[in-house]
Structure formats: C-alpha cells, structure tokens
There are 2 protein chains.
Amino acid sequence: MVTINTNTPVDEELVKEKEAAFAAFIQRRGLKTTRQRNTIISTFFRMRGHISVEELLVQVKKANPRIGYATVYRTLHLLVESGLVEERRFGDGLARYEGHSAVEHHDHMICLECGLISEFYNPRLEALQESLAEENNFEIYRHRLELYGVCKDKAACEARKQQKAARAQGA
Amino acid sequence: MVTINTNTPVDEELVKEKEAAFAAFIQRRGLKTTRQRNTIISTFFRMRGHISVEELLVQVKKANPRIGYATVYRTLHLLVESGLVEERRFGDGLARYEGHSAVEHHDHMICLECGLISEFYNPRLEALQESLAEENNFEIYRHRLELYGVCKDKAACEARKQQKAARAQGA
DNA sequence: TGGATTACGAAAACTGTTTTCATTATTGAA
DNA sequence: TTCAATAATGAAAACAGTTTTCGTAATCCA
Ligand SMILES: [Mn+2]
Ligand SMILES: [Mn+2]
Ligand SMILES: [Zn+2]
Ligand SMILES: [Zn+2]
C-alpha cells in the first residue's frame, strides 16, 4: 500500500505547471482568461486536501472579496472538465475537490470521529476489481472506494477532533 | 465472485419476516403502528432493486393516494435505522434504498449506458481492504465500492437502454 | 479601438430532503 | 369503553447545496 502524505508543503513548481495546463485548456476551448479565474485557480492549487466550495471561497475572498460563489462553482466545473481536478463526495452532502496528488488515482479512508482522510493506492486491489469486472463481462471506466471507520490511534484522533472543534468555534 | 440475481420473484416468506422484524423494531422503540407505515413497508419490500423515494411513492399511492412523501421519507429513515434497509447513493443526486439481499453485504457495478446495477461480493476483496486498513492503523466500520463503466454485451446493454427510454416516454 | 463574444456577480430558481404545524390516530390506563 | 397523553400524518414552508438568469462589465481579435 502507498499511503499518500498530505502534510508536505505545496510544490510551487507543480502549481505553476497546473496553472499553465489550465491556461492551455482555456485557450483550447476558446474561453477567455480572466482575473477572477486566475485568482480562483491559483488559490485552489495552493490549498491542500479535499476542499469544499465554501472553504475555497473563503480563501479566494482574501485575494478578491468581490468574487462571488457562482464564479467559484463555474471555475471548479472547468477545472474538473480540464481533468486537473477531481470531484469527491464523502457523504456529508457537499462536493469536495482535489487536484491530483503524486499518485494519479487513489482511494480514501475516512475517520468518522476526527474527519481525517487518508489516501491510499494498492495495485492488487485495482487488479482484483478488474478481474471481478471481467468475470461479469463489464468494462470499468472509473471506480470509487471509500472505507469509513475510526483511527486506532485514539490520542491522535482525539487531538484532531479537538482541533477541529476549536477551529469551528473560532470561525 | 458472487453475482447477485435480481430477477427472481420476491419471496413472500422473506417479506413477511421483514414486516415482522419491522413491527418488532417499532415496538422496541415505543413507536406506533400505523396504516401508512404498514402500506409503505409492505410496498417497499415487494419491490426489487435500488428504489428511489419517488419510485416508492408512486407505488404507495396506488394503495393509498393520500399518503404524502413526508411520511415516505420518514418511514424510509426508520427502515434504515432498523437495519432492514440500506441507503445507497450512486451519484445521480438521489438516495436509493434496498432491502438486504441474500448476501448481507455487497458492492455494485453500474453501467453508465443502460443503468444496469450488478451486485457482487468477493471475500478476497473484503480481506484486502481489511489488511490495507490494518496497515494504516484504521478500523473499518463500513465501506462503499462502486465500479462505473459499461456492459461488454452491447446488444443486451442497448436493449435495456431502449426499454428504459420507452418507459420514461410512457411515464 | 470597435464590437462580437464571453464572463461576472447578485439574486432568483431549482432539487432533493427536512421541518413545521395544525389536525388526526394510536395506545395504555382508568 | 372512554380518556388523555403521546406520536404520526399531510400540506406547505423551510432548508442546503448548487445552478441558472439577467443586466452589466471585461476580454480579445480583426
Ligand atoms: Mn484524495
Ligand atoms: Mn445493491
Ligand atoms: Zn480519527
Ligand atoms: Zn449497460
């Protein structure tokens, strides 16, 4: 298993690449380059994790308070269409977005106590899914696997939970 | 792999068992037995597949047109709480419900062309997930795995698609 | 630089679901 | 059997997240 580390700082090189890739996409589609879209994508790519529209908007407004959420929604759709970003839904009723990690595809473990989302990738798991699809005469385009449960490290889990509560209080 | 067959007729024995189990749950919780709830659950348990609220309400109204969707929603929540029914979300934005099949837990393959949902269960897959969780110091409560793709049997897939379109037209 | 085209932002609309609230039904005790 | 107390119902309003509308503003190519 590969467990994907989310705590490393954001790689500026990579961000620049993604910004360029998005610019190319905009070009290709005959769309226009705008101040707002640039602000939104450069904010987004510098954030970590699985980001909700709300969370993104808060950050975006720090750079330009006049940007509204319609534009954020619209830009996120473009990011998804460009293939640079994936939409996730972990069952709390809101869409979350993530730029691709180092590993192209990955699945998730979600702690129901502290909210920690761990990412993992396992080739045996992927292969097994393929073979099950094969048996059923089915061709897989994409899949989603989410493991819901709790951290076994209760101390760390509780600490994250506290931290989260404090943040919610302050906000 | 076990592929679960959804085309067999509903087992009346099993339905009666489920109705009894729900009655027991209602009792245990100190809730009241009502005409509406009985209608809703007996309708639900006689339907097959992954049923949306809308689909259920249509059938329920045939037995009692005065039943509103608030009661259907409320009863479905009770069914889920009772453990007799599971809620599913396959990404089309609406909740779907299913009574347990022969196999307690199962995962899904969803055809993006014809909408066919195949159910499967594979112990190796389950075990692999457990071992991945173990490696990550995580305890799984539940999981969801969905494979999205297309049927390889194009003829059968197309036929289902046509049938679906015809049904939508007629409704 | 003009002018067709695209994007923006605020607000309204939409969708699936939940809640409210006045009314009705169920239930266990008298 | 009544009789409350309690819970459930149904219509409509509220809700949350997201999408659409529409008048105005920005972009960008000839
Ligand atoms: Mn992820
Ligand atoms: Mn199923
Ligand atoms: Zn945790
Ligand atoms: Zn198909």
Side-chain angles (χ1 to χ4, degrees), chain A residues 22-44 50-58 60-82 85-97 168 171, chain B residues 22-44 50-82 85-97 168:
Chain A
F22 186 69
F25 168 80
I26 289 293
Q27 204 84 327
R28 206 178 320 129
R29 280 270 210 121
L31 303 177
K32 290 174 180 171
T33 305
T34 70
R35 228 171 254 309
Q36 292 91 330
R37 292 217 268 241
N38 286 341
T39 301
I40 293 165
I41 69 154
S42 76
T43 304
F44 177 81
H50 303 85
I51 300 158
S52 69
V53 175
E54 184 75 35
E55 285 165 358
L56 177 54
L57 183 61
V58 166
V60 163
K61 275 191 180 295
K62 288 182 183 172
N64 178 354
R66 306 216 40 221
I67 293 176
Y69 61 109
T71 303
V72 172
Y73 272 108
R74 288 189 276 233
T75 305
L76 283 168
H77 290 328
L78 288 175
L79 282 167
V80 170
E81 285 178 59
S82 78
V85 164
E86 278 190 59
E87 183 179 312
R88 306 281 185 189
R89 286 171 183 277
F90 296 131
D92 59 353
L94 45 130
R96 297 182 170 277
Y97 297 85
Chain B
F22 186 70
F25 168 80
I26 289 293
Q27 204 83 327
R28 205 179 320 128
R29 280 269 209 121
L31 304 177
K32 290 173 180 172
T33 304
T34 70
R35 227 170 254 306
Q36 291 90 330
R37 291 217 268 239
N38 287 341
T39 300
I40 292 165
I41 68 154
S42 76
T43 303
F44 178 82
H50 304 86
I51 301 158
S52 70
V53 175
E54 185 75 33
E55 285 165 358
L56 177 54
L57 183 61
V58 165
Q59 293 309 116
V60 162
K61 276 192 179 294
K62 289 183 183 173
N64 178 354
R66 305 216 40 220
I67 293 176
Y69 62 110
T71 304
V72 171
Y73 272 107
R74 289 190 277 233
T75 304
L76 282 168
H77 290 327
L78 288 174
L79 282 167
V80 170
E81 285 178 57
S82 76
V85 164
E86 277 190 60
E87 183 179 310
R88 306 279 185 192
R89 284 169 184 277
F90 296 130
D92 59 354
L94 44 129
R96 297 183 170 276
Y97 298 86

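Atoms considered below: every heavy atom in the structure, side chains included; atoms not considered: hydrogens, waters and symmetry mates. Order of the sequence lines sets the chain letters (A, B, ...), proteins ahead of strands, with each chain counted from 1.
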Hey, does the side chain of Y73(A) come within less than 4.0 Å of dT18(D)'s phosphate (OP1/OP2), counting only N and O? yes
Using only side-chain N and O atoms of H77(A), determine if any of them is under 4.0 Å from OP1 or OP2 of dT19(D). yes
Roughly how many Å is it from [atom1] in [X] to [atom2] in [N], rounded to a whole number?
X      : N       : atom1 : atom2 : value
I26(B) : dT27(C) : CD1   : P     : 10 Å
Y69(A) : dG17(D) : OH    : C1'   : 9 Å
L57(A) : dT18(D) : CG    : C1'   : 13 Å
D92(A) : dG17(D) : CG    : P     : 9 Å

Please report the C-alpha distance between L31(A) and L78(A) in whole Å, then the side-chain angles of each, then the deciding distance to 0.1 Å, and finally whether the side-chain contact (heavy atoms from CB on, under 4.5 Å) criterion is met. CA-CA 10 Å; L31(A) 303 177; L78(A) 288 175; 3.9 Å; yes
Listed in order of residue number, which residues of residues 60-68 of chain B have a non-hydrogen atom at under 4.0 Å from DNA chain C? none
F90(A): partners by ring pair (Phe, Tyr, Trp, His ring centres under 6.0 Å), with sequence neighbours left out: H50(A), H108(A)
Would you find a donor on one side and an acceptor on the other, under 3.5 Å apart, between the side chain of R37(A) and the backbone of K32(A)? yes
Going 5' to 3' through nucleotides 20-30 of chain D and flagging B where a protein heavy-atom sits under 4.0 Å of the base, S where only the sugar-phosphate is that close, and - otherwise, we get BB-----BS--
Do you know the tightest heavy-atom contact between F22(A) and L79(A)? CD1-CD2, 3.6 Å
Among E87(A), E55(A), E86(A), the one residue meeting salt bridge (charged side-chain N to carboxylate O under 4.0 Å, His left out) with R96(A): E55(A)
Can you confirm whether Q27(A) is buried at CD, in the sense that more than 12 heavy atoms of other residues, nucleotides or ligands lie under 6.0 Å from that atom? no
Counting only heavy atoms not in E54(B) (residues, nucleotides, ligands), do more than 12 fall under 6.0 Å from its CD? no
Full working for side-chain contact (heavy atoms from CB on, under 4.5 Å) between Y97(B) and V53(B): CA-CA 8 Å; Y97(B) 298 86; V53(B) 175; 3.9 Å; yes
With nearest nucleotides of DNA chain C determined for L78(A) and Y97(B) from heavy-atom distances, which residue corresponds to the more 5′ nucleotide? L78(A)
